[in-house]
Enquirer: 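Can you keep this structure in mind? I'll have questions shortly.
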Number of protein chains: 2
Amino acid sequence: MVVSIRDVAEHVGVSLGTVSNVLNRPNTVNADMVARVLEGIRELGYVRNDAARQLRAGNSRTIGMIVQDSSNPFFADMARGAEDQAEVGGRMLIVGNSHQSAERELRYIDLFEEQRVQGVFLAPIDDLTERLKQLRQHRIAPVLVQRRVSLDDFCSVAGDDEHGGYLAVKHLLDIGRRRIAFVGGPVSIIGIEDRLTGARRAVDEVADATLEVIDTAELTVGVGRSVGEQILDRDRGRRPDGMFTANDLVALGLIQAFVMSHSVQIPDEIALIGYDDIAFATAAVVPLSTIRQPGAMFGVMGVSLIQEEVDSPDGHTHRQVLFQPELVVRESTAGFADPEA
Amino acid sequence: MVVSIRDVAEHVGVSLGTVSNVLNRPNTVNADMVARVLEGIRELGYVRNDAARQLRAGNSRTIGMIVQDSSNPFFADMARGAEDQAEVGGRMLIVGNSHQSAERELRYIDLFEEQRVQGVFLAPIDDLTERLKQLRQHRIAPVLVQRRVSLDDFCSVAGDDEHGGYLAVKHLLDIGRRRIAFVGGPVSIIGIEDRLTGARRAVDEVADATLEVIDTAELTVGVGRSVGEQILDRDRGRRPDGMFTANDLVALGLIQAFVMSHSVQIPDEIALIGYDDIAFATAAVVPLSTIRQPGAMFGVMGVSLIQEEVDSPDGHTHRQVLFQPELVVRESTAGFADPEA
DNA sequence: ATCGTTTCATGAATCGTTTCATAGAACGTT
DNA sequence: AACGTTCTATGAAACGATTCATGAAACGAT
């Protein structure tokens, strides 16, 4: 019923080794023999059994990726970039979604290890240094999305979050805001802490500026909305006049809350800036200023680094690729002096 | 170097079959034997080789999914639902992105077939009936996202697009619009044609209503924006007063174009309604009316159907699950009489 | 005719697991 | 003590591919 390489061999009247050679090294086989075998393969509808191939060859052709939140367009962009790059190298990408659960993250790592993927690309929630080193014993190359790791052990891809945070708040200060609020958390999410650090540095440069930190459990539109309502409950004087959110989703939530209330003008009373520059930032009620990160490039580069390590396991030295973020000014902070002007 | 089940057996001093039993049928093994073996597994850092497991067992524990556009939040929702449901059954989901290329779609099908996935969940671009039937020879269950298929051959999941299209345009007519435009295409995308059919039916019910069809090559924000600009180029009298787009992304693009022009009031001059109810529809400049589809449920149900077929291959009869769409009214069509009032 | 090369097909061995028929041990019953 | 049951451990066989040492065939040169 199920056609194996042996069936093809018998059908064509050659040895099974020859069929394998046609599949894997056609140039070592006589041209018309190749043709005959391929014909046989077609006739019998043979499809290679990848499990057997992998068992014997010892390696798979897949790369595993773990994202923390697939409904965040930024991660979706990253995954797309990763997938495109994987395809270039003739590999497949398997994507797992951890939903920011450290447990699910570990489960996926186990799964990927059983599958003997060539590499794992992930933004770790917990500290996984030891676990990831174990992966190496199965010749699996881990690549991280993260800035500060024990640099020597892994390749990594990251945005300069500290600088991004600085840029964002510097911009708020430049347009005259002084009561700054940072909305974000938890610290486990990559780079959040750095963005806050950068924000703090910018605030410290201006004498009368203050920074309030509003901690959140996750970074979603819903969270943004509820933080927004919480702000609306305050007396006007006690509200921030400039808010920097750890990602665009939260900012979009804030915008919704403020606009629906009809009681806060953006950016007049509160200026807003997000992070990532997802596609929907432009389409918001009030188009959102933000710090742009090249999401797809993160993915492309992450997978490239895996491919580098896999293709030359010996002469490989780990690299840390850092992308520079970029300020994008839209209406949620505009109608004022250009920051550079 | 690499630890196999045999190494574990030797290390613990039992037979290799016993180790396998501990892994696969622990209840048939004496309790303290189980403990000793597990201890050995831990000590040696053994990780099961899934390729070997699969080769011998004959089946994989993965399900393949092919999405047409992973950056569309609707598909992202679907993928998330599919993944969650796969995990419930202890399976993994592999997601491939066809970017609406029939060729890439076929490549992924080949790949999935080589991997002997348990099922494939996809919204076919081309007619794949024959190819999908071939998959059955490898006991791979195909499940489609699509309404009209040769019903007997496959399970499928779909939204009632005809009804959805009807609801959308009926709503536009109810608020007094008569010059309706439908924006969407190509027909290859699931359900587009049906949405148009439904739209047409609604228009036909009203004597003085007209329907203009604006065909597009894809369904993205960018396309929406350029259609919007094209509308703006027309004399005011020749513009539609109600527009129905084949998905929310296009509608968001239209909104951007209209709002940026400062020359068209939504919904006063042109009322807009989209399709899918992606999360960002609420957060748009003008919150978008739309036809809601339960994206995650599509994914959950699709994978469930695969599991049904896999778990009882004999007594299986194919099912077609149809989800009813729902009208969601927001500001892009509101400020008028409630459709039901 | 002989020899050396080159080209190319062969098939046994192997990868690491699961399965299953077999048999030994332990226990209760007569 | 003999027998039947139940429980549990054993290890050879099989899954389907790839690899590689081997040798046959074809060819050209001497």
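We name chains A, B, ... by the order of the sequence lines, and we start the count at 1 in each one.
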Enquirer: In this structure, how many angstroms lie between the C1' atom of D:dA17 and the CZ atom of A:Arg56, rounded?
Expert: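 The answer, rounded to whole Å, is 9 Å.
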
Enquirer: Which residue is it: B:Asp110, B:Asp153, B:Asp126? I am looking for the one with a salt bridge (charged side-chain N to carboxylate O under 4.0 Å, His left out) to B:Arg131.
Expert: B:Asp110

Enquirer: Bend angle of the helix from C:dA1-D:dT30 to C:dT30-D:dA1 from five-pair axes at both ends, rounded to 10°?
Expert: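 Answer rounded to 10°: the end axes differ by 50°.
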
Enquirer: With a strict under 4.0 Å distance from non-hydrogen atoms of chain B, what nucleotide opens and what nucleotide closes the contacted stretch of DNA chain C, reading 5' to 3'?
Expert: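 Nucleotide range with atoms under 4.0 Å of chain B: C:dG16 to C:dT19.
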
Enquirer: Among residues two or more places apart or on two chains, list those pairs meeting side-chain hydrogen bond (donor to acceptor under 3.5 Å, both in side chains) that have a residue in residues 57-68 of chain A.
Expert: A:Arg53-A:Asn59, A:Ser60-A:Thr62

Enquirer: Quick one: are A:Leu55 and B:Asn49 in side-chain contact, heavy atoms under 4.5 Å?
Expert: yes

Enquirer: Using 4.0 Å as the upper bound for N to carboxylate O, is an ion pair formed by A:Arg107 and A:Glu103?
Expert: yes

Enquirer: Between A:Leu122 and A:Leu128, is the side-chain contact (heavy atoms from CB on, under 4.5 Å) condition met? List the steps.
Expert: CA-CA 10 Å; A:Leu122 80 172; A:Leu128 295 173; 3.9 Å; yes

Enquirer: Could you tell me which residues satisfy salt bridge (charged side-chain N to carboxylate O under 4.0 Å, His left out) with A:Asp84, sequence neighbours excluded, listed by chain and number?
Expert: B:Arg104

Enquirer: Between B:Asn49 (CG) and D:dG16 (C1'), how many Å, whole number?
Expert: 14 Å

Enquirer: Separation of A:Leu44 atom CG from D:dG16 atom C1', in whole Å?
Expert: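 Distance check: A:Leu44 CG to D:dG16 C1' gives 15 Å.
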
Enquirer: Can you name the residues that form a salt bridge (charged side-chain N to carboxylate O under 4.0 Å, His left out) with B:Glu39, not counting sequence neighbours?
Expert: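 B:Glu39 satisfies salt bridge (charged side-chain N to carboxylate O under 4.0 Å, His left out) with B:Arg42 only.
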
Enquirer: Excluding sequence neighbours, so at least two apart, what forms ring pair (Phe, Tyr, Trp, His ring centres under 6.0 Å) with A:Phe75?
Expert: none

Enquirer: Just the rounded figure in Å: distance from C1' of D:dG16 to CZ of A:Arg6.
Expert: 9 Å

Enquirer: Do NZ/NE/NH1/NH2 and the carboxylate oxygens of A:Arg80 and B:Asp69 come within less than 4.0 Å?
Expert: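 So A:Arg80 does not pair with B:Asp69 through a salt bridge.
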
Enquirer: What integer distance in Å separates B:Gln115:CD from D:dG16:P?
Expert: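 So the CD-P distance, B:Gln115 to D:dG16, works out to 17 Å.
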
Enquirer: For residues 27-37 of chain A, please give each side-chain donor-acceptor pair under 3.5 Å, one per line with the distance, not counting sequence neighbours.
Expert:
from    : atom 1 : to      : atom 2 : distance (Å)
A:Thr28 : OG1    : A:Arg25 : O      : 3.0
A:Asn30 : OD1    : A:Asp32 : N      : 3.4
A:Arg36 : NH2    : A:Val12 : O      : 3.2

Enquirer: State which residues pass ring pair (Phe, Tyr, Trp, His ring centres under 6.0 Å) with B:Tyr46; sequence neighbours excluded, sorted by chain then number.
Expert: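 For B:Tyr46, no residue satisfies ring pair (Phe, Tyr, Trp, His ring centres under 6.0 Å) once neighbours in sequence are set aside.
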
Enquirer: In chain order, what residues pass the salt bridge (charged side-chain N to carboxylate O under 4.0 Å, His left out) check against A:Arg6, with sequence neighbours excluded?
Expert: none

Enquirer: Below 3.5 Å between N/O atoms, which protein atoms pair up with nucleotides 26-28 of chain D? Just atom names and distances, please.
Expert:
none

Enquirer: In residues 17-31 of chain A, which ones come under 4.0 Å of DNA chain C, going by heavy atoms?
Expert: A:Gly17, A:Thr18, A:Asn21, A:Thr28, A:Val29, A:Asn30

Enquirer: Which residues pass the salt bridge (charged side-chain N to carboxylate O under 4.0 Å, His left out) test with A:Arg48, sequence neighbours left out?
Expert: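 For A:Arg48 the salt bridge (charged side-chain N to carboxylate O under 4.0 Å, His left out) partners, ignoring immediate neighbours, are B:Glu114.
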
